[in-house]
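For reference, the structure is listed below as structure tokens.
So that the names make sense, note that chain A is the first sequence line, chain B the second, and so on, each numbered from 1.
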2 protein chains.
Amino acid sequence: MLATEFKEAITAADRVLVQIRTAIVEGEIPAGTKISEPELARRYDLSRAPLREALARLERCHLIERTPNAGARVVKLSIEGLRSLYQLREELEGLACRLAAEHMTEQEIAEVRALLDQHLSTQRVREGESYYQEAGDVDFHYRVILGSKNPYLINILSDELYFLVRMYRVQLGMNGPRVSRAFDEHKAIINAIANRDGELADLLMRRHIAASKRNIEQQLLQQGTSHG
Amino acid sequence: MLATEFKEAITAADRVLVQIRTAIVEGEIPAGTKISEPELARRYDLSRAPLREALARLERCHLIERTPNAGARVVKLSIEGLRSLYQLREELEGLACRLAAEHMTEQEIAEVRALLDQHLSTQRVREGESYYQEAGDVDFHYRVILGSKNPYLINILSDELYFLVRMYRVQLGMNGPRVSRAFDEHKAIINAIANRDGELADLLMRRHIAASKRNIEQQLLQQGTSHG
DNA sequence: AAGCATCAGATTGTCGACAATAATAAGAAA
DNA sequence: TTTCTTATTATTGTCGACAATCTGATGCTT
């Protein structure tokens, strides 16, 4: 829904979707929690009808898992889940890069470059605040995905998979030297796209995502061994 | 839902989902039709609550398009839509092949081969009946997709994209020599997987899908020029 | 004491009705 | 006659209540 979230009328189901989704992604509702419809309805002050609509969409982006007559649980983060997710993400964002190199206008490319410069400057000011890095990164990837001009690809990546990706990143964090390296990798990717070199952009994106995966993987391993 | 459709309890929303989905895929409810909730509720003899649940899932697999406060329409088939869809499908089923070559057990491979032989024999009897070809093809692809063992990939391909793929194929048909050729291509793909040659399986699958796309594309072009 | 059946409590699935919004038709002004 | 306004109608979004199902505890049997 991210792509179409601000078009047209906004309904109560849309509002509560954004609220619950944010709560799950940021860990306010912890991973693995049982979802109680009556409780959430009270908490967000609405009836169960729009709430269930929101839950259906949360299931769609793999943030919750429902079993008929038994209710829903917030998804748990795991190494296998991370690997499956990023395996797919590498492939799809690689494809997005090839298509973006073909379809993005010079205008759009210039906008992404401006965006990167802007992110770099705000990052220098806000050194260490991982939220800005997170937001900037999502923004960059989002632009490239849109640049593919393939509606199904855009839908899958930005409306379905990306909230789960963000959940892994927000809850397990981006640490150390990766934060600054990511900027350079973004620059290299947009340069390849600007040169209409789809193959290179694809390769660079895959490596970029693989590096990000290794980073999160380590966090997961550390966390798993420290109190397991 | 295809992967989990027969597990657990079956609800009224599940039943009507299957009914409406079939009606749309097979063209009983024509492409582009406006969906009226009260009408469908009467027609399938249930209340609007489970119907709306079903509509939400139909939107998820791109069979209908909803706009807030304005209702839903059955999706229209178009050349651009077909190209975007198959572009993604090539990539994802290619990936599925590489993963299947890595993860499928000998047992599973043997089962797929038995399936192909069985399809071939029933096809010889039912020469010309495209429905059996359709069912057999879907079955083959479904097995390979499952063989990837990547839950997100399985979900996207078989629960989201495949009903739209089937809609294109059922409504625009598979004609001429492709029907028999597809069998050989399936054989070659499972052979590559059995040899654990993921790269070859990937390549063959992409060509297989590209050929299928060209076939449907021609039908669409003919149809578009004949009475446009 | 362990395991199974039964029952109470809570939760999900479904229903019919109401409120809010959009589409349509009728009428007035140019 | 055309176009804008307005009113009517129908549709979607939301609500509270009921029915069906699952969960957990209690008591009984072996």
Any donor-acceptor N/O pair, [X] side chain to [Y] backbone, under 3.5 Å:
| X | Y | answer |
| --- | --- | --- |
| Glu59(A) | Glu65(A) | no |
| Asp202(B) | Arg98(B) | no |
| Gln171(B) | Ile24(B) | yes |

key: Value in whole Å for how far the P atom of dA20(C) lies from CD1 of Ile10(A)   =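 After rounding, the gap between these two atoms is 18 Å.
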
ask   = If we ignore angles and hydrogens, is there a donor and acceptor under 3.5 Å between the side chains of His208(A) and His186(A)?
value = yes

ask   = Once each nucleotide of nucleotides 10-16 of chain C is scored for protein heavy atoms under 4.0 Å, what B/S/- sequence comes out, 5' to 3'?
value = --BBBB-

Electrostatic pair Arg60(A)-Glu160(A), nearest N-O below 4.0 angstrom =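 Salt bridge: yes.
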
